[in-house]
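We name chains A, B, ... by the order of the sequence lines, and we start the count at 1 in each one. A quick note: this is a predicted structure, and the numbers were derived from the prediction, not measured.
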Amino acid sequence: MNAKIDFSKISFLIVDGDKISAQVVYDTLAYLGASHIQRVKKPNDAFDVLRREQIDIVVCEWRLRGMDGLEFLDVMRNSTNSPNRFIPVIMLTAHSEMKYVTTARDLGITEFLAKPFNAKALYSRLVSVIARPRRFINTGTYFGPDRRRRQVQFDGPDRREL
Amino acid sequence: MTHYDWGSGAIVTPEEPKKKKNVQIIPAQTDLKRRAVNFVKGFDINLSPEQLEELENVVQRSTETFVRDVGKELMDCRKIVIGALGDKSKRPEAVAACGDLAYSVKALGGTFQYPLMTQIAKSMESFVADRTTANEKQLLVSQLHIDSLYVILASRVTGFGTTVEQATVAALTKLAERYELPRE
């Protein structure tokens, strides 16, 4: 029997200033059965929603007015005022070059989705966030999901000790 | 403390023991998984090709909105650029408008089966990136990008087009390279 995901049990927050892009994500989530979906255009409004309501997953665009998606992520992960440091964040962006991906990764992004995207790509990011949660790593310079995603054979000593 | 190494015959200084890094590993938050993953209700984790097609159709529902809204944005941006050609004070605003439009089209064109628009918007975005203003020729280059985008949209050229369209993209990219400087 195949494992399923009941999206009606999960609440989403879309942070995107682009009307069409936000609508596409909204329609996809609604089709999947999500009943609690909030949409905002600015990061400050997103913080208000996150402080007021129980949100499980944030889908955020990189390019936003005022504070960009990276600054938003930085506040979420590293600020003492963060509403939820552990919340999964899926970053949508048309900046798909490697430097942007690594920058987002090093600020604690959970999943990265390059635009233009299709339904399959969005769905796979949602599955990854929900069904394959990652442990969090806290060092002096990084707080976020474990960036080591590939399981590679390594004979050397384990330097990641408590 | 140094010592004599019998193997190499040299005086060696032992390395300082490495300090352990202070790393905290926090177990994965499984609350979402416990709440949503089951074997009864919802969508399969691995969607079948038919289910994926249905999901893709949901995305494509916004195609008409994309065509209508981007068409309007292209016309508005074109007006701003033309206005800026004769008025230097309006140029920073025109450059900003071009940047916003280019990013938006680059991001969404491919999603709605207009990857050619994404290609042209990409060229336009790199052309206006990090600019605060532009000279007359640079504004004309931006305008040519806008016009090409509009023609593709109006003619509903989905996919990557023919060799003619690809030659147009290459020509626009070359033009953008030629008039890239000065970057102010």
Per-residue tally against chain A (heavy atom, under 4.5 Å) across B/K106, B/K122, B/E53 peaks at B/K106
Separation of B/I45 CD1 from A/K4 NZ (nearest 0.5 Å)
10.0 Å
Answer with side chain, backbone, both or neither: which region of A/Y142 has an atom nearer than 4.5 Å to a non-hydrogen atom of chain B?
neither
Ignoring hydrogens and angles, state whether a donor on the side chain of A/Y123 or B/Q51 is under 3.5 Å from an acceptor on the partner side chain.
no
B/N57, part contacting chain A, at a heavy-atom distance under 4.5 Å
neither
What's the spacing between A/I137 CD1 and B/I25 CD1 if we round to 0.5 Å?
4.5 Å
Below 4.5 Å from any heavy atom of chain B, which atoms of A/L126 appear? Answer side chain, backbone, both or neither.
neither
Between CG of B/L55 and CG of A/L122, what distance do you get to the nearest 0.5 Å?
7.5 Å
Specify whether B/F43 and A/Y31 have parallel, tilted or perpendicular ring planes, treating 30° as the upper limit for parallel and 60° as the lower limit for perpendicular.
tilted
For A/N2, is it the side chain, the backbone, both, or neither that has a heavy atom closer than 4.5 Å to a heavy atom of chain B?
both
Could you have a look at A/V127, A/T139, A/I20, A/N118 and say which one has the most heavy-atom pairs with chain B under 4.5 angstrom?
A/I20
For B/Q60, which atoms come within 4.5 Å of any heavy atom of chain A: side chain, backbone, both, or neither?
neither
Between B/E56 (side chain) and A/A119 (backbone), is there a donor-acceptor pair under 3.5 Å?
yes
Could you tell me which portion of A/S96 (side chain, backbone, both or neither) has an atom closer than 4.5 angstrom to a non-hydrogen atom of chain B?
neither
Select, from B/E54, B/R35, B/E125, the one with the greatest count of heavy-atom pairs under 4.5 Å involving chain A.
B/R35
Please list, chain by chain and in numerical order, all residues satisfying side chain to side chain contact (heavy atoms under 4.5 Å, CB included) with B/V151, sequence neighbours excluded.
B/S155
Residue part contacting chain B, namely of A/R63, when any heavy atom lies under 4.5 Å
both
Heavy-atom pairs under 4.5 Å with chain A: which of B/D31, B/L47, B/T65, B/V70 has the most?
B/L47
Under a 4.5 Å heavy-atom cut-off, does chain A meet the side chain of B/S104, its backbone, both or neither?
both
